[in-house]
Structure formats: structure tokens, C-alpha cells
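So the structure is just underneath, and the comments pick up after that.
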2 protein chains.
Amino acid sequence: MTTNSACSLIDMETLERIAPIIRHTAHPLRLRILDFLSSQDEPQTVTAIIEACKSPQAIVSQQLRILKDQNVLTARRDRNHVKYSVANNNVLLLLDCIRRH
Amino acid sequence: MTTNSACSLIDMETLERIAPIIRHTAHPLRLRILDFLSSQDEPQTVTAIIEACKSPQAIVSQQLRILKDQNVLTARRDRNHVKYSVANNNVLLLLDCIRRH
DNA sequence: CGCGTATATTGTGATATAACTATCTATAGT
DNA sequence: ACTATAGATAGTTATATCACAATATACGCG
């Protein structure tokens, strides 16, 4: 009976639940969006995000949807603008990881 | 001239360099491998990793290669065994993120 | 209503990733 | 040399993702 030394491995269900969120977030443009949004204290319009990313509207919009689908971002309509903000602060730890090189 | 409030966004080159590493790591089985290896204080053989993951040999071997290609793991041969260990401690922060739910 | 601005969706072709089976190489022991 | 064990690689099919172009929707205003 080879008693395993460390027994507190993260269970597979958790890994399977979290991995896609991280995988979907780990994309240059989506990280940029996340970084930008987390740097602002107000939710930002799509136009502002497009500006910050210097990327085509359709592509940014797609990425926003992906992040929203993963519950990383939330969107709320404000008159004829849609404002996005970071929904899940856990994901911001990713950015910390990256900043620490 | 709309002086941008926060100017310290992570540059795109960095994001493009780091994103694939994170993306390749954010896979249930690969995270499990990483978690296992980081829980042991000695490098582990492929067989031990297979055991810890309860996954087929070929699949584990493939994942090990992917993690090695991303310089997340290193391997060294020890007689007729190959022992893997974590090469890049930064990536372990991912596991911390996950543990903190 | 009709137009402009803001944002979302769809369709497409190229490329990447996943899981799996089968096979191959290398080494150790006899 | 023969066999068993340890590990890596190749081939395959299904599915996912990418970037992009084109089009659609939604809202506010005159």
C-alpha cells in the first residue's frame, strides 16, 4: 500500500469546469480587453474597447461575446450603448501572473 | 487630446508570447499533471504520472510533450525512466487561481 | 419614417486541438 | 538474443477556434 504523500490534488470536476474559462481567456486580444477593462473604474462601451484594442469592430465584438459566455465579463445596456465590465475578479489573477513575467 | 487615464496596459507582444503557454496549460489533464508534479518534491516518472492521472499512457505522454514544448515541464532521463518536473514556477500561479475557486 | 451611430450575428475557409488506436524505440534483465 | 517494461510517436477522425467579410439589429434623432 503505497500511501500517496500529497493527497490534496484539485479534483477533476473542478479542473474541467475552470479550464475552459482560462483557455478562453488566454487569447491576446481577450487578455488585452480584460486588462483594459480592469484598468478603468467604469464599465466601458464597445467603442472605447475597440479604440483601446485597435482592432476591427466585428472581431472585438466576437471576443466580448466569448468572454461574456464564460461569465468573465458582464454587459449592460445604457441608452444606445452597451457597457462591459469585469464580472469575475478571479480571472484578473491571470493578468497578475503575466505581469510578473 | 483625450489623455488616457491608465497607461500601463500589458503590451501585445507579451500577451502574444504568454497566451499560448496559458492556453496549452489550461486543459484538465495537463492541469492535473501540473498539480501532481507540484505536489511532489521529486521529479516523477511517466508511470507515476499515469497512475496519478488514471489516464491512458499514450494520452499522458502526449500531454507531457505539450507541456514540455511550452517549457512548462522539463524531463531528464534516469536509467530507463524519464522523470518530469515543473520547469516554470510561474505557471503554478494558475493552480492557485483555481484553488481559490 | 429614414438616417446615422453602436453593436451583434452569420458564413466561410484555414488551421489547431482532442481523443484514440496502433506502432515504434530504448533499456534492463535473463 | 529474447522478453518485458517504460515511454514516445504517428495516423486518424471529429470538433473547435481563428480571422475576416458581409450583413443584420437596435436605438436615437430630426
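Below, chains carry the letters A, B, ... as their sequence lines are ordered, and counting in each starts from 1.
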Treat primed atoms plus P, OP1 and OP2 as sugar-phosphate and everything else as base, then score nucleotides 7-19 of chain D 5' to 3': B for base contact with protein heavy atoms under 4.0 Å, S for sugar-phosphate contact only, - for none.
BBBBB-----SSB
Take atom CG of A/Asp69 and atom P of C/dA8, then tell me their distance rounded to the nearest Å.
12 Å
Run B/Thr25 and A/Arg23 through side-chain contact (heavy atoms from CB on, under 4.5 Å) and show every step you take.
CA-CA 8 Å; B/Thr25 305; A/Arg23 204 171 347 106; over 6 Å; no
Atom CG of A/Asp78 and atom P of D/dA26: how far apart are they, to the nearest Å?
18 Å
Does atom CZ of A/Arg99 have more than 12 heavy-atom neighbours, drawn from other residues, nucleotides or ligands, at distances under 6.0 Å?
yes
Look at A/Asp35 together with A/Arg32 and state whether they make a salt bridge at an N to O cut-off of under 4.0 Å.
no
Is the backbone of B/Gln57 close enough, under 3.5 Å, to the side chain of B/Ser61 for a donor and an acceptor to pair up by distance?
no
Backbone of B/Glu42 reached by a side-chain donor or acceptor of B/Gln44 within 3.5 Å:
yes
